[in-house]
Amino acid sequence: MAQKPSIPKGTRDFSPSEMIRRNYIFDTIRNVFELYGYSPIETPAMENLSVLMGKYGEEGDKLLFKILNSGDFINKASDKHLTEKNSTKLTTEISEKGLRYDLTVPFARYVVQHRNDITFPFKRYQIQPVWRADRPQKGRYREFYQCDVDVVGSNSLLNEVELIQIIDEVFSKLNISTVIKLNNRKVLQGIAESFNQPEKIIDIAVAIDKLDKIGIDKVAEELEKNNVNNELILFFKEKISNESFSIDELGKLFEAKNSEIGKQGISELNYITTYISELGLKKSTLELDFSLARGLNYYTGAILEVKACNVEIGSITGGGRYDNLTEVFGLKDISGVGVSFGADRIYDVLLQLDAFPKTTNTSTELMFVNFGEKEEKYCIKLLQSLREKGIKAELYPSSAKLKKQITYANNKQIPFVALIGANEIEENTITIKKMNSGEQVKINFDELVNLIRS
RNA sequence: GUGGUUGUAGUUCAGUUGGUUAGAACGCCUGAUUGUGGUUCAGGAGGUCGUGGGUUCAAAUCCCAUCUUCCACCCCA
């Protein structure tokens, strides 16, 4: 009769064992964020569409989940748009809220809205789910978590340096080797400017970003299609796609063409790489990659992306500097820079590398077997004392067959089981079964505490 | 959004050119073992074959729709 229930496309349930692992990732990331002086905030799952629309480009708007207005929304829609069946125009009349697409735009809104309560520079982190109406694939979901760290109200490049350190710290704690790819939008702008096509910057960015994936020839094809001039295409073909092409060469180009923006991009990159090479990284390598562009078009300065070594998966972290994000909400001259860790992909990477810690101390350490009413009353007091000492313990809730109770402990991987029957109560002892060996010992309460702690 | 792919027991999967009662392994439950799990042995439960419609004497099998899964594009964490 009842149909099997299900969940929407691209969403997932998480079992206890998955949650233990997910929390391990979140806890690690959170600890690093706090170590670097960032404070947590949260924002609502839904935002007004006016906040979200237009921030992610045309494609992004399509990927927003929109929420229908309450009440008789269709009655309030205009007949004109209904009969025209114009979805875009109709949407604005029947929906005014949407689920957040990322954490950066809601954060910008937050900063503007609370500007009087915030002392700048404002360093915050935020770990919450986001939603995208994308077609799901592996490592790509419609609901997923982002872990964002941003600092707004500071132009200092020290922030970029610090973010790279945070990335290195997080992945070294998670035991993942990574490559951090770094570029600067100003460099790309400088290139576009040097070849007299500054207006093509977006097309160029979108095309060149695919270099690793489709190769230089296809990139050139796409640039041609977008009417980018041959001189520029040739430059990409001969220089940018060439491994040995250096930052100094690029600098010379900008000198020759007198591109201020390009020169600035180069000096920013040099600042960051010099700092990082002095500080050193634990488990990551920092690489300049002039083909890195990133789709989100609010970036204006440094852009970076992190890939895990030895795992075929999209980028697991990305971010950059954005100068004008708060401006669209009416607050000028506030620059921000931040990165976003993709917890779900990090989970997949850890799984593939088999890099989750073997011991998870989050589950029960001791279980009391339940022999009956009298024993239960006796055990529950011991249980309370153990919990007060910080030991994770539980009492089997009914006096089921001993076999069933021990099977339960076995499946839950509880290392110690306490058997307290009439004899033990009389003797004031506790029989402990060590589940890994099957060995049993009779001890007292203090000895038990020491045993579990050892 | 475009093109392709997938769905059978709790799980992973068999299932012949459409043909009687849809199978296996693992898991689960019961017992051997009434105070003892992971091993062994014996037995048992569990499926309107994703959903809805169609073709046929007859459909898990063929057709259509729909949902879901995975993949490529697009885009991205």
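This is a predicted model, so every value here is computed, not measured. Residue numbering restarts at 1 for every chain, and letters A, B, ... go by the order of the sequence lines. The basis for the numbers below is simple: all heavy atoms, side chains too, and nothing from hydrogens, waters or symmetry mates.
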Q: If you only use heavy atoms from C-beta on, which nucleotide in B:G35, B:U2, B:C75 is closest to the side chain of A:Asp134?
A: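 Closest of the options to the side chain of A:Asp134: B:C75.
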Q: Is there a donor N/O on one and an acceptor N/O on the other, under 3.5 Å, for the side chain of A:Arg140 and the base of B:C75?
A: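 Yes, the side chain and the base share a sub-3.5 Å donor-acceptor pair.
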Q: Using a 5.5 Å cut-off between ring centres and planes within 30 degrees, is A:Phe144 stacked on the base of B:A77?
A: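 Yes, aromatic ring over the base.
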Q: Between B:G35, B:U69, B:C75, which one does the side chain of A:Leu63 approach most closely?
A: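 The nucleotide sitting nearest to the side chain is B:C75.
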Q: If you assign each of A:Gln146 and A:Glu439 to its closest nucleotide in RNA chain B, which residue comes earlier from the 5' end?
A: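 By nearest-heavy-atom nucleotide position, the 5'-most residue is A:Glu439.
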Q: Looking only at N and O atoms, is any donor in the side chain of A:Gln440 or the base of B:U36 less than 3.5 Å from an acceptor on the other one?
A: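 Looking at the base of B:U36, it does pair with a donor or acceptor on the side chain of A:Gln440 (distance under 3.5 Å).
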Q: Has the side chain of A:Lys9 got a donor or acceptor that lies under 3.5 Å from a partner of the other kind on the base of B:U68?
A: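 Absent.
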Q: Please work out whether the ring planes of A:Tyr299 and A:Tyr322 are parallel, tilted or perpendicular, with thresholds of 30° and 60°.
A: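 The rings of A:Tyr299 and A:Tyr322 sit tilted, inter-plane angle from 30° to 60°.
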Q: At less than 3.5 Å, do the side-chain atoms of A:Arg135 and the base atoms of B:C70 form a donor-acceptor pair?
A: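 Per atom types, no contact qualifies.
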Q: What interatomic distance, in whole Å, is found between P of B:G27 and the corresponding atom of B:U66?
A: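 Each nucleotide's P atom is 41 Å from the other's.
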Q: Of the nucleotides B:G35, B:G37, B:A77, which one has an atom closest to the side chain of A:Asn410?
A: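 My answer, after comparing the listed nucleotides, is B:G37.
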Q: Side chains of A:Ile164 and A:Asp168: closer than 4.5 Å at any heavy-atom pair?
A: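 No - every pair of side-chain heavy atoms lies 4.5 Å or more apart.
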Q: Between the side chains of A:Glu162 and A:Tyr38, is a donor N or O closer than 3.5 angstrom to an acceptor N or O?
A: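 Yes, a side-chain donor-acceptor pair sits under 3.5 Å.
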